[in-house]
Number of protein chains: 2
Amino acid sequence: MPRQVDYENRRRRIAEAVCTLIARSGMEAVSLRDVAAQANVSMGAVQRCFRTKQDMLLFALEHISRHVSERANQRIAATSTPQAASTLLSHTLAELALLDEESRTQAHVWLAFITHAPASEKLAAVLHDTYAKLHGLIAWLIRYGQDTQEILQRLDPDREAHTLLALADGLTVHVLAGHHSPATALATLQRHIDHLLENASDRG
Amino acid sequence: MPRQVDYENRRRRIAEAVCTLIARSGMEAVSLRDVAAQANVSMGAVQRCFRTKQDMLLFALEHISRHVSERANQRIAATSTPQAASTLLSHTLAELALLDEESRTQAHVWLAFITHAPASEKLAAVLHDTYAKLHGLIAWLIRYGQDTQEILQRLDPDREAHTLLALADGLTVHVLAGHHSPATALATLQRHIDHLLENASDRG
DNA sequence: CGCGTTCTGATGCACTTGCATCGTATCCGG
DNA sequence: CCGGATACGATGCAAGTGCATCAGAACGCG
């Protein structure tokens, strides 16, 4: 009957404000007041959307997690011209590694949440879930590449997926830490993937 | 003339208290009072040792960084019976990846600092330095392995070192995030190293 | 021993935090 | 067009923060 508000929309807006703030100056710098200001809403609105600060942060994590997963899935599903499996694998991992400048914020937030996961059961659960999905996705891509004869048959998709995922995350960390530029990180990732291909320089 | 105190010792003690607290409940939970309590000193003592909280955290990071680097270097230098280069490489990386349960605290702290690095110039500098050193170390180990004919000659030590370091860090992250157990992470790392060796299953 | 310097730990202070409260503005059904 | 439910945003509040201050304990030297 009374005034209706698009909560889902507002929650998303707030989540993005949270991410911006986390990326700007770390997770401890996120106060309800700052979030409200950043999202251009009042503090009361924030408190109405999320019963507690924890809830707000958790939602922000899920927001990011969903964002990353969806982008990776779209990259695969929405490819109109069927691409080579190896190309698909490269592009998907490159996106998961959050290397481009626009993803820097997400990378930062993701890392912040990982850091705080051991202190929060629920955060850890979301992370675990997301990683499981990503691993499944990559393993699937590898099997697909093996089906199309692009990727070495003798490789164990699950194990290779683990390695690839770890490498991607490590590179994300290195870029954030300033040890790598996104470009060299990408090259490193690509170089590793090349080793998995059938038509590698030596051996098949 | 008057009362003399071993500051260096106290600073170390406080640094370790800081690390314990960070590992327990994140970096924002570290207050001067908590640190003082954890280190069994008064708050005044903490304030005497470190002019500001930032200084304290920075020292803690350098403390961890030094600890990790030294352990890796010792693993190499103090090896009485000259080991195979590949074994050396494995063990060194396994230690750098901070996989064993006792290193969990250090891994946690290390990640916390990486997360906060973009917000602090000095933190970033220390991280950059440490990573440069570690990369140099690993590249050196690879070259050594090539000299002893253990590691494939055609590999570029610098690039392989980058990959290895990223993989190690990625595995650290995955273990912290609960996506891997230390054991499987170690296996993944070892599997990757095996691919670099001359006597690999196929090809030399 | 006692003087003077250094170190200590308790307290003060201004500030920020997350959350609760509450009067008011806003909107929908009748 | 109005009654009532809802969302709003300002304010209050207790707790906790980093840092400054300071009286006094602890100690080496004359």
Side-chain angles (χ1 to χ4, degrees), chain A residues 1-15 17-61 109 112-113 115-116 119-123, chain B residues 1-15 17-61 109 112-113 115-116 119-123:
Chain A
M1 318 38 185
R3 187 174 188 181
Q4 224 32 341
V5 168
D6 187 348
Y7 274 94
E8 215 42 49
N9 189 2
R10 194 203 295 281
R11 284 162 87 94
R12 266 197 296 272
R13 188 139 67 105
I14 292 177
V18 169
C19 292
T20 302
L21 289 180
I22 288 181
R24 181 181 305 158
S25 37
M27 199 156 167
E28 74 256 33
V30 175
S31 77
L32 295 188
R33 287 162 178 80
D34 293 348
V35 170
Q38 175 72 30
N40 265 322
V41 300
S42 77
M43 217 179 104
V46 175
Q47 291 186 267
R48 182 157 303 276
C49 280
F50 303 102
R51 213 165 44 77
T52 172
K53 188 187 184 184
Q54 280 278 339
D55 288 355
M56 183 180 75
L57 294 176
L58 189 62
F59 182 86
L61 169 58
V109 174
F113 279 121
T115 302
H116 287 243
S120 159
E121 190 68 34
K122 296 190 175 184
L123 244 61
Chain B
M1 315 35 183
R3 187 173 186 181
Q4 224 33 340
V5 168
D6 186 348
Y7 275 95
E8 214 44 48
N9 189 0
R10 195 204 295 280
R11 285 163 85 94
R12 266 197 296 273
R13 188 138 69 105
I14 291 177
V18 169
C19 292
T20 301
L21 289 180
I22 289 182
R24 180 179 306 161
S25 39
M27 199 159 168
E28 74 257 33
V30 175
S31 76
L32 297 188
R33 286 162 179 82
D34 292 348
V35 169
Q38 177 71 31
N40 265 321
V41 300
S42 79
M43 215 178 104
V46 175
Q47 291 185 269
R48 180 158 304 275
C49 279
F50 304 102
R51 214 166 43 74
T52 172
K53 188 187 181 182
Q54 280 279 337
D55 289 355
M56 183 182 75
L57 293 176
L58 189 62
F59 182 86
L61 170 58
V109 174
F113 280 123
T115 301
H116 287 244
S120 159
E121 190 67 35
K122 297 189 174 183
L123 243 62

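Chain letters run A, B, ... following the sequence lines, proteins first and then strands; every chain starts at 1. Owing to the predicted nature of the structure, the values given are computational and were not obtained by experimental measurement.
- The interatomic distance linking B:Glu28 (CD) with C:dT17 (C1') rounds to 12 Å, in whole Å.
- The phosphate of C:dT17 (OP1 or OP2) has a side-chain N or O of A:Ser31 nearer than 4.0 angstrom.
- For A:Glu28, the side chain to side chain donor-acceptor pair (under 3.5 Å) criterion is met by B:His116, not counting sequence neighbours.
- Near-neighbour residues of DNA chain D inside residues 44-51 of chain B, defined by a heavy atom below 4.0 Å, number-ordered: B:Gln47.
- Checking D:dA7, C:dC19, D:dT17 against every side-chain atom of B:Asp34, the shortest atom distance belongs to D:dT17.
- Screening residues 39-51 of chain B for side-chain hydrogen bond (donor to acceptor under 3.5 Å, both in side chains), with sequence neighbours left out, gives no hits.
- Remark: the B:Arg33 side chain and the D:dG16 base include no donor-acceptor N/O pair separated by less than 3.5 Å.
- Between A:Val35 and A:Met43 the shortest side-chain heavy-atom distance does not fall below 4.5 Å.
- The phosphate of D:dC19 (OP1 or OP2) has a side-chain N or O of B:Thr52 nearer than 4.0 angstrom.
- Side-chain atoms of B:Met43 lie closest to D:dC19 of the nucleotides D:dC8, C:dT8, D:dC19.
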- request: Kindly determine whether B:Arg10 and B:Val46 satisfy side-chain contact (heavy atoms from CB on, under 4.5 Å), including the steps that lead there.
  value: CA-CA 9 Å; B:Arg10 195 204 295 280; B:Val46 175; over 6 Å; no
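- Atom CD1 of A:Ile14 and atom SG of A:Cys19 lie 12.0 Å apart (nearest 0.5 Å).
- Atom CD of residue B:Gln54 and atom NZ of residue B:Lys122 lie 8.5 Å apart, to the nearest 0.5 angstrom.
- The interatomic distance linking A:Leu32 (CG) with D:dA10 (P) rounds to 15 Å, in whole Å.
- Atom CE of A:Met56 is separated from atom C1' of C:dC19 by 12 Å (rounded to the nearest Å).
- Contact annotation for B:Val35: no contact, since no heavy-atom pair falls under 4.0 Å across all strands.
- The side chain of B:Ser42 contributes no N or O atom lying less than 4.0 Å from OP1 or OP2 of C:dT8.
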